[in-house]
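None of these values were measured; they are calculated from a predicted model. Whatever order the structure lists ligands and atoms in, that order sets their numbers, starting from 1.
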Amino acid sequence: MQEKINQYLEEIRDFAAAQSQEVENFRIKYLGRKGILNDLFEEFKTVSAEQKRFVGQELNRLKTELQEKLEQMQQVHTHGSTIEQKSDWSRPTGALPLGTRHPLSIVRNEILEIFSRIGFTVADGPEIEDDWHVFSGLNFPPEHPARDMQDTFFVKPGNDQKEMVLRTHTSSVQVRAMETTKPPIRIVMPGRVYRNEAVSARAHCQFHQIEGLYIDENVSFADMKQTLLYFTQEFFGKAKIRLRPSYFPFTEPSAEMDVYWGLNSETDYRITKGTGWLEIMGCGMVDPAVLAASNIHPEKYSGFAFGMGIERITMLRYQIDDLRMFFENDTRFLKQFKY
Ligand code: PHE
């Protein structure tokens with residue numbers, strides 16, 4: 001009986017099926033109700049007591065190998081290829097499903113690209129920041145109400161550690177750049193920012209900004225205006241901007257830049273509140289006190305800075321009216337943006 005078992009073992013190891021029908025025949029022949037394995041188990045009953053142990057082991061081995069072989073063949077034949085073909089790495093693959101880029105990334109990349117064409121490079125900094133880079137280094141005096149302009153999330157400090165905040169604007173990266181780079185500085189700084197605001201269609205506790213900074217000798221307000229006009233024309237395809245006086249602790253003078261959107265449709269009336277103008281970003285000439293705080297000589301150098309919210313611009317571009325969509329990761333929304 002042992003010899004028979006060995007013979008079958010050899011037989012099944014050599015067996016190769018060309019079609020799925022042969023796999024089924026194999027199953028019936030060996031593992032079927034009236035198949036070879038059952039016959040052998042029947043015969044096993046007649047084996048002498050002292051041989052039972054050994055022959056039993058052999059028989060079980062045959063059973064396991066049969067089942068493994070069958071399983072393997074079934075897998076190969078339902079997938080329509082053989083193991084050898086599967087390990088041929090030179091075979092062409094099927095089409096890989098491609099994801100889509102997030103609309104905020106599409107818009108961010110486009111803005112960075114527009115500024116790169118006029119010599120701006122990209123810089124970034126941490127989202128968890130210290131007070132100096134978010135506030136004090138930007139001329140926010142301690143306890144000054146200007147800090148209330150931005151509802152800050154504070155991070156509980158560990159033992160002996162200074163208090164940290166989630167940055168409320170990307171202007172913190174300006175300070176990092178000024179501390180570590182000698183002018184001329186010409187950078188754009190994209191990133192996520194946080195403010196303690198109730199989540200709604202128009203506001204969120206997290207959003208994205210792009211900051212710009214240009215510092216050199218003789219940089220003027222006119223340079224800023226021309227740079228922002230260039231950006232507006234490239235990005236929005238709109239020809240007209242205006243600068244309204246505003247206030248930020250770190251720029252002087254400060255302004256709010258509006259783009260003339262026009263009043264050509266009902267939507268234009270709605271989003272511009274009937275004025276035709278849309279507010280796009282904050283900007284201004286870097287305050288000499290801010291330059292000095294980062295050890296840049298305020299008499300030798302001057303510069304301008306600007307900052308804009310990416311969500312707002314993306315909503316305008318794609319006519320999205322609920323900010324929360326950006327953070328819900330609903331693929332029905334996301335897959336509409338191919339790039
Ligand atoms: N940091 C300002 C804000 O978040 C925007 C800004 C950036 C204004 C740079 C002026 C210069 O509102």
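The ring-ring contact (aromatic ring centres under 6.0 Å, His included) analysis of residues 205-230, with sequence neighbours excluded, yields the pairs Tyr214-Phe304.
For ligand 1, the atoms closer than 4.0 angstrom to any heavy atom of His169 are 1 (N), 4 (O). Ligand-side atoms of ligand 1 in range of Phe306: 7 (C), 9 (C), 11 (C), range being under 4.0 angstrom from any heavy atom. Which parts of ligand 1 touch Gly307 is read off a 4.0 Å heavy-atom cut-off, strictly below it: atoms 6 (C), 7 (C), 9 (C). In the vicinity of Ser171, heavy-atom distances shorter than 4.0 Å reach the ligand 1 atoms 1 (N), 7 (C).
Using a 4.0 Å heavy-atom cutoff, Met308 is absent from the residues neighbouring ligand 1. Contact annotation: Arg167 has no heavy atom less than 4.0 Å from any atom of ligand 1.
A cation-pi arrangement is absent between Lys69 and Phe15, since the terminal nitrogen or guanidinium carbon is not both under 6.0 Å from the aromatic centre and inside a 45° cone about the axis.
Considering backbone and side-chain N/O atoms, Gln209 comes within less than 3.5 Å of an N/O atom of ligand 1. The shortest N or O to N or O distance between Gln174 and ligand 1 is not under 3.5 Å. Considering backbone and side-chain atoms alike, Thr251 places every N or O at 3.5 Å or more from each N or O of ligand 1.
Of all the heavy atoms of Cys283, the ones lying under 4.0 Å from any atom of ligand 1 belong exclusively to the backbone. Residue Met224 does not touch ligand 1, judged by heavy-atom distances below 4.0 Å. When heavy-atom distances to ligand 1 are checked against a 4.0 Å cut-off, Phe250 comes that close only through its side chain, counted from C-beta outward. With a 4.0 Å heavy-atom cut-off, ligand 1 is reached by the side chain of Glu211 but not by its N, CA, C or O.
Taking CE of Met178 as the start and CD1 of Ile187 as the end, the distance is 8.5 Å to the nearest 0.5 Å. Note that the OH atom of Tyr318 and the CE atom of Met325 stand 14.0 Å from one another [nearest 0.5 Å]. Taken from CD1 in Ile128 to NE2 in His133, the straight-line distance is 14.5 Å, to the nearest 0.5 Å.
Taking the six-membered ring for Trp and thresholds of 30 and 60 degrees, Phe115 and Phe306 have nearly parallel ring planes, at less than 30 degrees apart.
Put simply, the side chain of Thr152 never gets that close to the backbone of Phe154: no donor and acceptor are under 3.5 Å apart.
You'll find the ring centres of His102 and Phe337 outside the 6.0 Å limit.
Residues passing the side-chain contact (heavy atoms from CB on, under 4.5 Å) test with Arg242, sequence neighbours excluded: Arg244, Asp258, Trp277.
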